[in-house]
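If you read the sequence from its start, that first residue is 1, and numbering goes on from there. Small disclaimer: the values here were computed from a predicted structure and weren't measured.
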Amino acid sequence: MKRAFITGVTGQDGSYLAEFLLEKGYEVHGLKRRSSSFNTGRVDGIYADLHKHDNRFFLHFADLSDASSLWKLLYDIRPEEIYNLAAQSHVRVSFDIPEYTADITATGALRLLEAVRQTGIKARFYQASSSEMFGAAPAPQSEETRFHPRSPYACSKLFAHSCTVNYRESYDMFACCGILFNHESPRRGETFVTRKIARAVAHIRMGLEDSLYLGNLDARRDWGYAREYVEAMWMMLQLDKPEDFAIGTGETHSVREFAEQAFAHVGLDWQKHVRFDARYCRPAEVDSLCANPAKARRVLGWHHRVGFEGLVRRMVDAETEQLKLQLEGNPRAFARTAL
């Protein structure tokens with residue numbers, strides 16, 4: 001039985017990856033930050049009673065800001081695969097808390113890489129890099145495109161990406177970087193624009209709200225379905241030698257198109273409800289991100305299956321279903337979505 005360790009396991013990608021690995025027979029260990037409130041909603045469906053002997057999913061308290069906690073976990077768990085998905089991942093917020101973003105997203109990755117090196121465990125390492133690192137670089141972007149980050153988040157991700165490459169080259173570590181373009185799902189955080197749109201559509205349709213406030217409607221992104229992207233993460237760590245890959249659909253759509261599709265799915269005109277709010281714009285905008293996933297298709301055999309319209313429908317339908325359950329007082333409304 002292979003053993004995997006996932007930072008950011010309670011997030012969108014972490015929860016999908018944990019499910020994927022469990023289905024493949026792994027024992028999965030996840031890092032969880034200590035909080036006074038429950039923050040495990042996305043993984044509650046796979047979390048079992050600790051007293052059961054057949055449990056293969058475990059949560060551990062640790063933090064990427066605390067190197068000693070990482071060392072202890074690696075010594076105790078001895079994983080064969082490590083997936084570093086943890087980060088302060090909201091781009092707009094990174095302008096407001098740049099130091100914290102750098103400490104967790106950049107230095108946190110370095111702490112984990114150094115923990116792997118110092119403990120001497122023979123683990124394959126995956127670093128969750130980001131298409132935001134390309135920033136102002138012209139689209140389409142591939143593994144060979146020059147990086148031009150435009151936010152503290154992107155700068156932090158680029159530091160973590162570069163450190164991973166450096167540790168691979170310096171210490172012969174099996175370390176891969178997945179440069180993932182925007183990947184969404186019903187499990188996306190509510191402050192991210194795709195989930196924000198989907199949630200607003202459901203509420204407006206039910207007559208609970210009337211307006212949705214957005215920032216830059218012209219920003220174009222390569223949007224895919226997150227559940228499919230975690231498969232690419234795993235594929236990278238199964239290779240004979242470590243390499244970096246750009247993962248995306250190869251198509252771009254604007255925020256305006258996402259809103260238009262989402263409202264149209266429930267028979268509404270987006271222009272009657274969407275309002276502009278400059279507070280949601282970034283000090284430095286990224287106009288267009290579009291993947292060239294040719295290498296991933298050729299080497300990994302990875303292809304996206306859910307297209308843009310299908311993704312929008314999934315997210316809107318999930319929000320609508322959850323809202324209906326809440327209005328009915330059904331306790332299932334607060335359960336983690338299975339999508």
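Ring centroids of Phe147 and His161 are separated by less than 6.0 Å, placing the two rings close together. A ring-centre distance under 6.0 Å is not found for Trp223 and Phe181. A centroid separation of less than 6.0 Å is found between the aromatic rings of His253 and Phe308. For Phe125 and Phe174, the distance between ring centers is not under 6.0 angstrom.
Side chain of Arg227 to main chain of Phe20: no donor-acceptor pair is present (N/O by atom type, distance under 3.5 Å, no hydrogens or angles). Looking only at distances, a side-chain donor or acceptor of His90 sits under 3.5 Å from a matching main-chain atom of Thr191. No donor-acceptor pair closer than 3.5 Å links the side chain of Lys324 to the backbone N or O of Glu319. One N or O on the side chain of Arg3 and one on the backbone of Ile77 form a donor-acceptor pair closer than 3.5 Å. A donor-acceptor pair under 3.5 Å is absent between the side-chain atoms of Ser129 and the main chain of Ile179, judged by distance alone. At distances below 3.5 Å, at least one donor-acceptor pair connects side-chain atoms of Arg168 with backbone N or O atoms of Ala175. A donor-acceptor distance shorter than 3.5 angstrom exists from the side chain of Asp222 to the backbone of Gly250, with no hydrogens or angles considered.
Atom OG1 of residue Thr119 and atom CG of residue Leu73 lie 11.0 Å apart, to the nearest 0.5 angstrom. Remark: Thr7 OG1 to Ile82 CD1 distance equals 9.5 Å, nearest 0.5 Å. With rounding to the nearest 0.5 angstrom, the OH atom of Tyr280 is 5.5 Å from the CG atom of Asp277. Rounded to the nearest 0.5 angstrom, Arg124 CZ and Gln238 CD are separated by 7.0 Å. Note that CG of Leu208 is 5.5 Å distant from CG of Leu327, once rounded to the nearest 0.5 Å. Taking CG of Asn292 as the start and OG of Ser142 as the end, the distance is 5.5 Å to the nearest 0.5 Å.
Scanning all heavy atoms of the two residues, the minimum distance from Asn84 to Gln127 falls at ND2-OE1, 2.8 Å. The two residues Val286 and Gly135 have their closest heavy-atom pair at CG1-O, 3.3 Å. Minimum heavy-atom separation, Asp63 to Leu31: N-CD1, 4.2 Å. Pairing each heavy atom of Ile204 with each of Asp210, the nearest pair is CD1-O, 3.8 Å. Nearest heavy atoms, Arg78 versus Ile121: NH1-CG2, 3.6 Å. Here the closest non-hydrogen pair linking Leu180 and Tyr126 is CD1-OH, 3.2 Å.
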Checking side-chain contact (heavy atoms from CB on, under 4.5 Å) for the pair Thr105/Lys157: CA distance, chi angles, key distance, verdict?
CA-CA 6 Å; Thr105 308; Lys157 277 293 186 181; 3.8 Å; yes

Evaluation steps, side-chain contact (heavy atoms from CB on, under 4.5 Å), between Val230 and His183
CA-CA 10 Å; Val230 301; His183 44 292; over 6 Å; no

In sequence, state the C-alpha distance, the side-chain angles, and the governing distance for Lys72 and Tyr75, and then conclude on side-chain contact (heavy atoms from CB on, under 4.5 Å).
CA-CA 5 Å; Lys72 182 179 185 303; Tyr75 268 126; 5.8 Å; no

Assess the residue pair Asp103 and Arg111 against the criterion (side-chain contact (heavy atoms from CB on, under 4.5 Å)); give the C-alpha distance rounded to whole Å, side-chain angles, the decisive distance to 0.1 Å, and a yes or no.
CA-CA 10 Å; Asp103 185 41; Arg111 292 188 187 103; 2.7 Å; yes

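For Tyr213, the OH atom sits in a loose shell: 12 or fewer heavy atoms of surrounding residues, nucleotides or ligands are nearer than 6.0 Å. Within a 6.0 Å sphere centred on CD of Glu144, heavy atoms belonging to other residues, nucleotides or ligands number 12 at most. In Arg275, the CZ atom is crowded: over 12 heavy atoms of neighbouring residues, nucleotides or ligands sit closer than 6.0 Å.
Judged purely by distance below 3.5 Å, without hydrogens or angles, the side chains of His29 and Glu27 pair a donor atom with an acceptor atom. A donor atom on one side chain and an acceptor atom on the other are not found under 3.5 Å apart for Asp218 and Ser254. Ser185 and Gln12 share a side-chain donor-acceptor pair at under 3.5 Å. Under 3.5 Å, the side chains of Tyr83 and Glu81 contain a donor-acceptor pair of N or O atoms. With hydrogens and angles left out, the side-chain atoms of Arg220 and Thr252 include a donor and acceptor closer than 3.5 Å.
Within the 4.5 Å cutoff, the side chain of His203 has heavy atoms near those of the Leu323 side chain. Contact check for Tyr16 versus Glu228: no side-chain heavy atoms found under the 4.5 Å cut-off. Side-chain contact between Arg56 and Leu22 is present, with at least one heavy-atom pair separated by less than 4.5 Å. You'll find the side chain of Cys176 reaches within 4.5 Å of the side chain of Leu237, heavy atoms only.
Between Arg117 and Asp172 there is no salt bridge, since none of the side-chain N atoms of the basic residue sits less than 4.0 Å from a carboxylate O of the acidic one. The existence of a salt bridge linking Glu184 and Lys196 is excluded, since no basic side-chain nitrogen approaches an acidic carboxylate oxygen closer than 4.0 Å. Checked for salt-bridge contact, Glu285 and Arg150 miss the test: no charged N lies under 4.0 Å from a carboxylate O. With respect to the salt-bridge test (charged N to carboxylate O, under 4.0 angstrom), the residues Glu231 and Arg305 qualify. Between Arg92 and Asp96, at least one side-chain N (NZ, or NE/NH1/NH2) sits under 4.0 Å from a carboxylate O, which counts as a salt bridge. Of the charged side-chain nitrogens involved, none lies within less than 4.0 Å of a carboxylate oxygen, so that Glu143 and Lys295 do not count as a salt-bridged pair.
A perpendicular orientation is assigned to the rings of Tyr229 and Trp302, their planes being inclined by more than 60° (bins at 30° and 60°).
Taken together through direct or relayed side-chain contacts under 4.5 Å among Ile, Leu, Val, Met, Phe, Trp and Tyr, Tyr153 and Leu289 form parts of separate hydrophobic clusters. Tyr26 and Met233 fall within a single hydrophobic cluster, where Ile, Leu, Val, Met, Phe, Trp and Tyr side chains are chained together by heavy-atom contacts under 4.5 Å.
Cation-pi geometry between Arg188 and Phe192 is met: the NZ or CZ atom falls under 6.0 Å from the ring centre, inside 45° of the normal. For the pair Arg282 and Phe95, the cation does not sit on the ring face, since its NZ or CZ is not both under 6.0 Å from the ring centre and inside 45° of the axis.
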